[in-house]
Amino acid sequence: MKKIVLIKIRGCPYCEQAYKAIEELKAEDKNFSAAEIEIIDENLQPEVAEKFSGYYYVPSMFVDGKKIYEAHPGETYSECLANVRKVFQAAS
């Protein structure tokens, strides 16, 4: 699998949804459980986060430098889960 990059901010409720979705999908599919996920905290690592352009909201997830998922205000858990699944599929 290709490496997944997740950009987050501490305390973000949408980031917490993404973590929950990641764990659910890893439990569901053994291929997903092998995924390497690099987590970048935008506040603690701004110099690293700025290398990933084209996102405004967090969490944002990238595969091969391409944004696959960016949360949006009001996003439900089921929307998050579907989008995180797309990230894992893109990394497969």
Side-chain angles (χ1 to χ4, degrees):
M1 285 193 87
K2 299 174 187 170
K3 181 171 75 170
I4 297 167
V5 175
L6 178 132
I7 300 176
K8 64 134 188 152
I9 293 175
R10 185 174 29 174
C12 167
Y14 298 107
C15 295
E16 292 304 319
Q17 278 191 158
Y19 291 141
K20 181 180 174 186
I22 288 167
E23 292 308 312
E24 185 174 332
L25 291 168
K26 282 183 169 187
E28 175 184 302
D29 188 318
K30 66 181 172 89
N31 294 322
F32 294 164
S33 66
E36 177 187 353
I37 302 175
E38 177 183 358
I39 299 173
I40 299 168
D41 187 309
E42 187 180 76
N43 290 331
L44 300 176
Q45 302 165 285
E47 70 287 347
V48 179
E50 70 185 17
K51 295 176 184 177
F52 295 88
S53 61
Y55 81 94
Y56 184 77
Y57 295 109
V58 292
S60 287
M61 299 177 80
F62 296 80
V63 175
D64 284 339
K66 179 181 176 190
K67 181 178 68 176
I68 307 296
Y69 165 54
E70 179 176 0
H72 61 83
E75 180 175 81
T76 66
Y77 178 71
S78 61
E79 290 174 306
C80 175
L81 181 63
N83 284 312
V84 172
R85 184 183 307 278
K86 289 177 187 174
V87 173
F88 276 108
Q89 290 169 339
S92 294

With a 4.5 Å heavy-atom cut-off, do [X] and [Y] have their side chains touching?
| X | Y | answer |
| --- | --- | --- |
| I22 | M61 | yes |
| M1 | E36 | no |
| K8 | Y14 | no |

Could you tell me whether the side chain of E75 and the main chain of A71 form a donor-acceptor pair under 3.5 Å?
no

Would you tabulate the side-chain donor-acceptor contacts of residues 79-92 under 3.5 Å, counting partners in other chains and residues two or more places apart, or write 'none'?
{"from": "E79", "atom 1": "OE1", "to": "T76", "atom 2": "N", "distance (Å)": "2.8"}
{"from": "E79", "atom 1": "OE1", "to": "T76", "atom 2": "OG1", "distance (Å)": "3.3"}
{"from": "N83", "atom 1": "ND2", "to": "E79", "atom 2": "O", "distance (Å)": "3.0"}
{"from": "R85", "atom 1": "NH1", "to": "E28", "atom 2": "OE2", "distance (Å)": "2.6"}
{"from": "S92", "atom 1": "OG", "to": "F88", "atom 2": "O", "distance (Å)": "3.0"}

Kindly write out the residues that satisfy salt bridge (charged side-chain N to carboxylate O under 4.0 Å, His left out) with D29, not counting sequence neighbours, or none if the list is empty.
none

Can you tell me how far the [atom1] atom of [X] sits from the [atom2] atom of [Y], to the nearest 0.5 Å?
| X | Y | atom1 | atom2 | value |
| --- | --- | --- | --- | --- |
| K2 | I4 | NZ | CD1 | 11.0 Å |
| L6 | I37 | CG | CD1 | 7.0 Å |
| Y77 | Q17 | OH | CD | 8.0 Å |

Quick one: do Y69 and I40 end up in the same hydrophobic cluster if we chain Ile, Leu, Val, Met, Phe, Trp and Tyr together by side-chain heavy atoms under 4.5 Å apart?
no

Same apolar cluster: V63 and V48, side chain cutoff 4.5 Å
no

Could you pull out every donor-acceptor pair under 3.5 Å between side chains of residues 50-60 and any protein atom, sequence neighbours left out?
{"from": "Y55", "atom 1": "OH", "to": "E42", "atom 2": "OE2", "distance (Å)": "2.4"}
{"from": "S60", "atom 1": "OG", "to": "Y57", "atom 2": "O", "distance (Å)": "2.6"}

In terms of side-chain heavy atoms, does E24 have a donor or acceptor partner in Y19 at a distance below 3.5 Å?
no

